[in-house]
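Structure, as structure tokens:
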There are 2 protein chains.
Amino acid sequence: MEEITNYRCTVSVTLDIIGGKWKSLILWQLSFKTLRFSQLQRRLSKVTQKMLTQQLRELERDGLIHRKVYAEVPPRVEYSLTPMGQSVVPILQLMCQWGKDYLIATEQSAAVECAPTLKRIEV
Amino acid sequence: MEEITNYRCTVSVTLDIIGGKWKSLILWQLSFKTLRFSQLQRRLSKVTQKMLTQQLRELERDGLIHRKVYAEVPPRVEYSLTPMGQSVVPILQLMCQWGKDYLIATEQSAAVECAPTLKRIEV
DNA sequence: CTGTATCCAGCGCGATACTG
DNA sequence: CAGTATCGCGCTGGATACAG
């Protein structure tokens, strides 16, 4: 008989916070530079406006991103990583590298890049 | 005008493979030891049999886990990480540590553990 | 430009029953 | 024990319209 103890695995804590459908990709983009709403939307070519807004709100609520509104017409909103948000970047870097290695290992590596200088994501 | 280039971010490649609802948690459990189907099910207390089977099949198809069937009655099936599966463990370790730090930073850290000696996950 | 607010179609997933 | 098969509900998320 195995000893069983209930506990909440902190891996799932992390998944609750950055595991949302678009959250990792949003954080990854913001790790390179502060971006406006429309810039994020262009980089994540498949997100709908509704989803992007929703995911941004949750990331803001959880303290990972900062939302700065400029009192201008037309309105401008810039999103950036908080220190807490920056602390997840090492995880994303590992994921980026692992994905690259995986594609190479499975020989699907043609025409794949993940450099911050490139601007649009095909998800 | 920004330069826009289409590419597939390798972060999303990784998410496609380990981003499934239970996959990270399955890999995390298997990183400590080989487990039988029923052992996995007990450790992931909220998974249904259907979902566990489905996620295991996909992880196997993607080359992250190995499925070994023993020709016995009653049947016994053991799941373990392949070398490819072991290569994601560093990501999971970072996630585990980050989750722990997050709980501490947000002062929800009471009664939380993530040690491999503990056996059951409340997701 | 950066959002809200509805509506509703699709399917993810749970529940249940059955099997080698 | 370790699955497979089927049914159906509930919620996710897309489409659309509207607004500050």
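Per chain, numbering begins at 1; letters A, B, ... match sequence-line order.
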Protein-nucleotide distance ([X], atom [atom1]; [N], atom [atom2]), rounded to Å:
X: B:Leu52; N: C:dG14; atom1: CG; atom2: C1'; value: 14 Å
X: A:Lys23; N: D:dG13; atom1: NZ; atom2: P; value: 10 Å
X: A:Lys68; N: C:dG3; atom1: NZ; atom2: P; value: 15 Å
X: A:Arg76; N: C:dG3; atom1: CZ; atom2: P; value: 13 Å
X: A:Lys21; N: C:dC11; atom1: NZ; atom2: C1'; value: 12 Å
X: B:Lys46; N: C:dG14; atom1: NZ; atom2: P; value: 12 Å
X: B:Glu72; N: C:dG20; atom1: CD; atom2: P; value: 20 Å
X: B:Gln55; N: C:dC13; atom1: CD; atom2: C1'; value: 11 Å

Has [X] got a side-chain atom pairing as donor or acceptor with [Y]'s backbone, closer than 3.5 angstrom?
X: B:Thr82; Y: B:His66; value: no
X: A:Thr14; Y: B:Cys96; value: no
X: B:Ser24; Y: B:Ile18; value: yes

Describe, in one word, how the ring planes of A:Tyr102 and A:Trp98 are oriented to each other, choosing from parallel (under 30°), tilted (30 to 60°) and perpendicular (over 60°).
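Ring orientation of A:Tyr102 relative to A:Trp98: parallel.
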Do any N or O atoms of the protein come closer than 3.5 Å to N or O atoms of nucleotides 3-7 of chain D, and which pairs are they?
residue: D:dG3; atom: OP1; partner: B:Arg57; partner atom: NH2; Å: 3.0
residue: D:dG3; atom: OP1; partner: B:Arg67; partner atom: NE; Å: 3.3
residue: D:dG3; atom: OP1; partner: B:Arg67; partner atom: NH2; Å: 2.3
residue: D:dG3; atom: OP2; partner: B:Tyr79; partner atom: OH; Å: 2.7
residue: D:dG3; atom: N7; partner: B:Gln49; partner atom: OE1; Å: 3.0
residue: D:dG3; atom: N7; partner: B:Gln49; partner atom: NE2; Å: 2.6
residue: D:dG3; atom: O6; partner: B:Gln49; partner atom: OE1; Å: 3.4

Consider the side chain of A:Met51, meaning its heavy atoms from C-beta on, and name the nucleotide among C:dA15, D:dA2, D:dG14 that approaches it most closely.
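The listed nucleotide nearest to A:Met51's side chain is D:dG14.
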Does A:Val47 have any side-chain contact (heavy atoms from CB on, under 4.5 Å) partners at least two apart in sequence or in another chain, and if so, which?
A:Trp22, A:Leu44, A:Met51, A:Leu52
So, taking the atom named CD1 in A:Ile65 and the one named CE in A:Met84, what distance separates them when rounded to the nearest 0.5 Å?
13.5 Å
Approximate separation, where rounding is to 0.5 Å, of B:Leu64 CG and B:Leu30 CG:
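Those atoms lie 10.5 Å apart.
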Given [N], is OP1 or OP2 found less than 4.0 Å from the side-chain N or O atoms of [X]?
X: A:Ser38; N: C:dT2; answer: yes
X: A:Thr48; N: D:dG13; answer: no
X: A:Arg36; N: C:dC1; answer: no

